[in-house]
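On a predicted model such as this, the values are computed, not experimentally measured, just so you know.
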Amino acid sequence: MRAPDDRFATRVLRWFDVAGRHDLPWQHPRTPYRVWLSEIMLQQTQVRVALPYFERFVDALPDVRALSAAPLDQVLALWSGLGYYARARNLHAAARLCVERHGGEVPRDFDALLALPGIGRSTAGAILSQAWGDRIAILDGNVKRVLCRVHAVDGWPGTPAVEKRLWAVADAHLAGVPEGRMADYTQAQMDFGATLCTRHDPACVLCPLQDECTALRTGRVGELPTPRPGKPLPEREALALLLRDAEDRVLLLRRPPTGIWAALWSLPEHADREGARDWFSRHVGTGYDDAEALEPIAHAFTHYRLTLRPLAWHGVSLGAAVRDDGDLRWVARADLPALGIPAPVRSLLERVLRA
DNA sequence: AAATCGGGGAG
DNA sequence: CTCCCAGATTT
């Protein structure tokens, strides 16, 4: 942390004016709704990945009221493939709260934003600074990396102590932001971290902060920020039942509202063969052993590894006592795009139904 | 303070 | 393969 006349902000802004990104879709127009949506999509997701999702989303649901009136399934379908689906459910719930509490607008108030699900301190700051030019700091992964280097902050940024220190630094830098440039400053920091002060091979030779950066001066750029402490990932396996009827539709099951892939449509899953056989006999009847074993699907989460082993049947019809109700339904291939489906499962279905 | 939640990009 | 990213929420 330095004096209030710190040059950090003006240096980053000068870089941004020349080398930053000025053509992102949420910058034109830079409305609170579009900024909000972009910030939620960009949580743990890179710009390049989020871009097509953003265009599709605002095209289908252009404002808070449209989002609040949309069925959750449509929102999840628009989100399908982005991951962290709680973001989509929170976004949807927050839009409805905006209609209830704020006249169908995104509130221009820090505490009101924080009270909305899915919006934390950094996202609230990003919305207010970008949409309104308010003088509020952000602290995302990019900013954390930049500040760790510029101020040589040791320790993994995921710990509360380090994060607290980084917030203090980010707040201190606000004093150096010229009047009327907060929106650009917020975008500039994220751009700067994403394109110049990258995790690997930062372009220090082109950096406008060479004179300010303690890590560069002490030769510690390669070791900051401190990486997360390593940990082995547990492995889990499950059987995935892929049932196709005479019309080549596939049987999908809505997952529970909490846990992994919450509320998404997926294949019936069972931890072991006995559970799968029992489910099959109750819903279909005989024929479990006619299954064709497909190639396993490996999927890695942050905290464990999942291997899905698909078992496929053709020409199946459900038992008379089984209702094709709200949580269990036959879905034609043409209807898959309209449903929220986990990416690896969607990939499997498209591969299997392509023929 | 630690665990939970996905998917993809990049080395 | 490994790491980790434009984080927030829950416990």
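Out of B:dG9, B:dG6, C:dT9, the shortest distance to the side chain of A:Tyr85 is found at B:dG6.
A parallel orientation is assigned to the rings of A:Phe8 and A:His173, their planes being inclined by less than 30° (bins at 30° and 60°). The aromatic rings of A:Phe301 and A:Tyr304 lie tilted to each other, with the angle between the two planes from 30° to 60°. Between A:Phe280 and A:Tyr288, the ring-plane angle classifies as perpendicular under the 30° and 60° cut-offs.
Contacts of A:Gly193 with the nucleic acid, taken as non-hydrogen atoms under 4.0 Å apart, are absent. Nucleic acid contact class of A:Ile119 (heavy atoms, under 4.0 Å, all strands): sugar-phosphate only.
Between A:Asp73 and A:Arg254, at least one side-chain nitrogen of the basic residue sits less than 4.0 Å from a carboxylate oxygen of the acidic one, meeting the salt-bridge criterion.
In this model, the phosphate group of B:dG7 is approached by a side-chain N or O of A:Trp261 to a distance below 4.0 Å at OP1 or OP2. For the pair A:Thr45 and B:dG8, the criterion of a side-chain N or O lying under 4.0 Å from OP1 or OP2 is not met. Contact between the side-chain N/O atoms of A:Arg48 and the OP1/OP2 oxygens of B:dA10 is found at a separation under 4.0 Å. For the pair A:His299 and B:dG7, the criterion of a side-chain N or O lying under 4.0 Å from OP1 or OP2 is met. Not one side-chain nitrogen or oxygen of A:Arg89 sits closer than 4.0 Å to the OP1 or OP2 atom of C:dA8.
In terms of position along DNA chain B, the nucleotide closest to A:Tyr304 lies nearer the 5' end than the nucleotide closest to the other residue of the pair A:Tyr304 and A:Gln46.
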